[in-house]
Amino acid sequence: MLVAFSVSPSTSSAPDGSVSEAVAAAVRVVRESGLPNETTSMFTTIEGEWDECMDVVKRACQAVAAVSPRVSLVLKADIRPGWDGQLTAKVERVEAHLREQA
């Protein structure tokens with residue numbers, strides 16, 4: 001499965017309202033998990049089995065909760081048993097269609 005999620009504190013003590021330090025703690029959890037992952041400006045996507053993905057999401061939320069009394073989580077999952085390597089393969093299929101239409 002693929003899980004795209006965004007986790008951040010709902011509050012910040014930074015003068016500019018930045019939440020990047022807490023988000024970095026969550027991304028560190030993801031990267032240390034060993035699961036295939038990709039972080040963009042709005043979401044982090046991980047690929048793995050249901051239980052291992054949900055464990056990483058939970059631990060990422062706990063990392064943010066360590067610095068904030070309130071945490072926001074947005075999650076989207078693509079549950080497709082029997083398919084691996086979709087973190088990149090889905091994008092490659094779209095890019096192939098775009099090349100065909102060029």
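Any value given below was found using the heavy atoms of this structure, including those in side chains, with hydrogens, waters and symmetry copies removed.
Considering every non-hydrogen atom in both G48 and L35, the closest pair reads CA-CD2, 4.4 Å. Shortest non-hydrogen contact noted between A26 and V64 is CB-CG2, 3.9 Å. Heavy-atom minimum distance, S10 versus S68: N-OG, 3.9 Å. The two residues V67 and A22 have their closest heavy-atom pair at CG2-CB, 3.6 Å.
For S20, the side-chain contact (heavy atoms from CB on, under 4.5 Å) test picks out S18, with sequence neighbours left out. Considering only residues two or more places apart in sequence or on other chains, V23 meets the side-chain contact (heavy atoms from CB on, under 4.5 Å) condition with S8, V19, V27. Residues satisfying the side-chain contact (heavy atoms from CB on, under 4.5 Å) test with E95, not counting sequence neighbours, are V91, L98, R99. Under the side-chain contact (heavy atoms from CB on, under 4.5 Å) criterion, T40 pairs with E38, F43, sequence neighbours left out.
Under the 4.5 Å side-chain heavy-atom criterion for grouping Ile, Leu, Val, Met, Phe, Trp and Tyr, F5 is not connected to L2 through any hydrophobic cluster.
Residue pairs that meet the salt bridge (charged side-chain N to carboxylate O under 4.0 Å, His left out) test with at least one member in residues 12-31, sequence neighbours left out, do not exist here.
Interatomic distance, CD1 of I46 versus OG1 of T39, reported as 10.0 Å (0.5 Å rounding).
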Would you give me the side-chain donor-acceptor pairs under 3.5 Å for residues 54-61, sequence neighbours excluded?
residue	atom	partner	partner atom	Å
D55	OD2	R59	NE	2.9
D55	OD2	R59	NH2	3.4

In a table with atom names and distances, give each donor-acceptor pair under 3.5 Å that connects a side chain of residues 73-89 to protein atoms at least two apart or in another chain.
residue	atom	partner	partner atom	Å
D78	OD2	K90	NZ	2.7
Q86	OE1	R93	NH1	3.1
Q86	OE1	R93	NH2	2.8
Q86	NE2	D84	O	3.1

